[in-house]
Amino acid sequence: MPVTYVHIELPDHKKDQIYSPSSIIQEYFNPGEVLSVDTFLTICTKSLNEASERVRQKFGYACTSAMAESQRINTLCQNYDTSKKIKIVSIK
């Protein structure tokens with residue numbers, strides 16, 4: 001299960017990244033894509049939940065790191081109006 005990082009640019013042009021324990025997150029985001037904060041959060045939560053579930057299926061337990069990452073991103077995005085934009089810079 002390859003660890004994958006989604007590199008993002010926040011509405012204030014700060015850079016951050018999302019950690020995923022599974023490459024499934026690549027099916028949810030595309031480099032160069034620009035999403036509203038609200039849409040980004042919805043997709044991010046769904047993709048990290050699926051990544052955690054894949055870990056559970058393979059190892060018998062959910063990935064707490066994926067759930068912690070989801071919470072971190074949700075907290076981070078509370079600083080921005082939901083209509084502002086987040087850019088997906090790259091996925092590695």
Looking at residues at least two apart in the chain, or sitting in another chain, which of them share a side chain to side chain donor-acceptor pair (under 3.5 Å) with Tyr19?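 Testing Tyr19 for side chain to side chain donor-acceptor pair (under 3.5 Å), a comparison that skips the adjacent residues, returns none.
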
Side chain to side chain donor-acceptor pair (under 3.5 Å) with Lys15: which residues, sequence neighbours excluded?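 With neighbours one apart ignored, the set is Glu9.
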
Where do [X] and [Y] come nearest, in terms of heavy atoms and distance?
X: Arg54; Y: Ser22; value: CD-OG, 3.5 Å
X: Pro31; Y: Ser90; value: CB-CA, 4.4 Å
X: Phe29; Y: Ile88; value: CD2-CD1, 3.6 Å
X: Ile86; Y: Cys77; value: CD1-SG, 3.9 Å
X: Thr45; Y: Ser70; value: OG1-OG, 3.8 Å

Polar side-chain atom of Thr82 near backbone of Val37 as donor-acceptor pair, under 3.5 Å: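 It does not hold such a pair.
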
With no hydrogens and no angle check, is any side-chain donor or acceptor of Thr75 less than 3.5 Å from a backbone partner on Gln71?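 Yes.
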
Test Ser47 against Ile18 for side chain to side chain contact (heavy atoms under 4.5 Å, CB included), laying out the working first. CA-CA 11 Å; Ser47 65; Ile18 303 162; over 6 Å; no

Nearest 0.5 Å please: distance from the [atom1] atom of [X] over to the [atom2] atom of [Y].
X: Gln78; Y: Leu41; atom1: CD; atom2: CG; result: 9.0 Å
X: Ile8; Y: Cys44; atom1: CD1; atom2: SG; result: 7.5 Å
X: Lys14; Y: Leu76; atom1: NZ; atom2: CG; result: 8.5 Å

So for atom NZ, which belongs to Lys85, do other residues, nucleotides or ligands contribute more than 12 heavy atoms lying within a distance under 6.0 Å?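 Yes, NZ of Lys85 has more than 12 neighbouring heavy atoms, counting only those of other groups under 6.0 Å.
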
According to the side-chain hydrogen bond (donor to acceptor under 3.5 Å, both in side chains) rule, which pairs have a member within residues 27-41, sequence neighbours left out?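 Non-adjacent pairs meeting side-chain hydrogen bond (donor to acceptor under 3.5 Å, both in side chains): Tyr28-Glu50, Ser36-Thr39.
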
Kindly state each residue pair satisfying salt bridge (charged side-chain N to carboxylate O under 4.0 Å, His left out) with at least one member in residues 59-81, sequence neighbours excluded.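 Listed once each, the pairs are Asp16-Arg72, Glu69-Arg72.
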
If hydrophobic residues (ILVMFWY) are linked whenever their side-chain heavy atoms come closer than 4.5 Å, directly or via other members, who joins Val34 in its cluster?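 Joined to Val34, directly or through intermediates: none.
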
Quick one: hydrophobic cluster around Val89, which other residues, with the 4.5 Å side-chain cut-off, linked directly or via members?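 None, because no other hydrophobic side chain comes under 4.5 Å of this residue.
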
Set out, in order, the CA-CA distance, both residues' side-chain angles and the distance that settles side chain to side chain contact (heavy atoms under 4.5 Å, CB included) for Lys87 and Leu10, then state yes or no. CA-CA 7 Å; Lys87 180 178 181 180; Leu10 298 162; over 6 Å; no

State plainly whether one hydrophobic cluster holds both Ile43 and Tyr80, where clusters connect Ile, Leu, Val, Met, Phe, Trp and Tyr through side-chain heavy atoms under 4.5 angstrom apart.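 Yes; Tyr80 is reachable from Ile43 via cluster members.
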
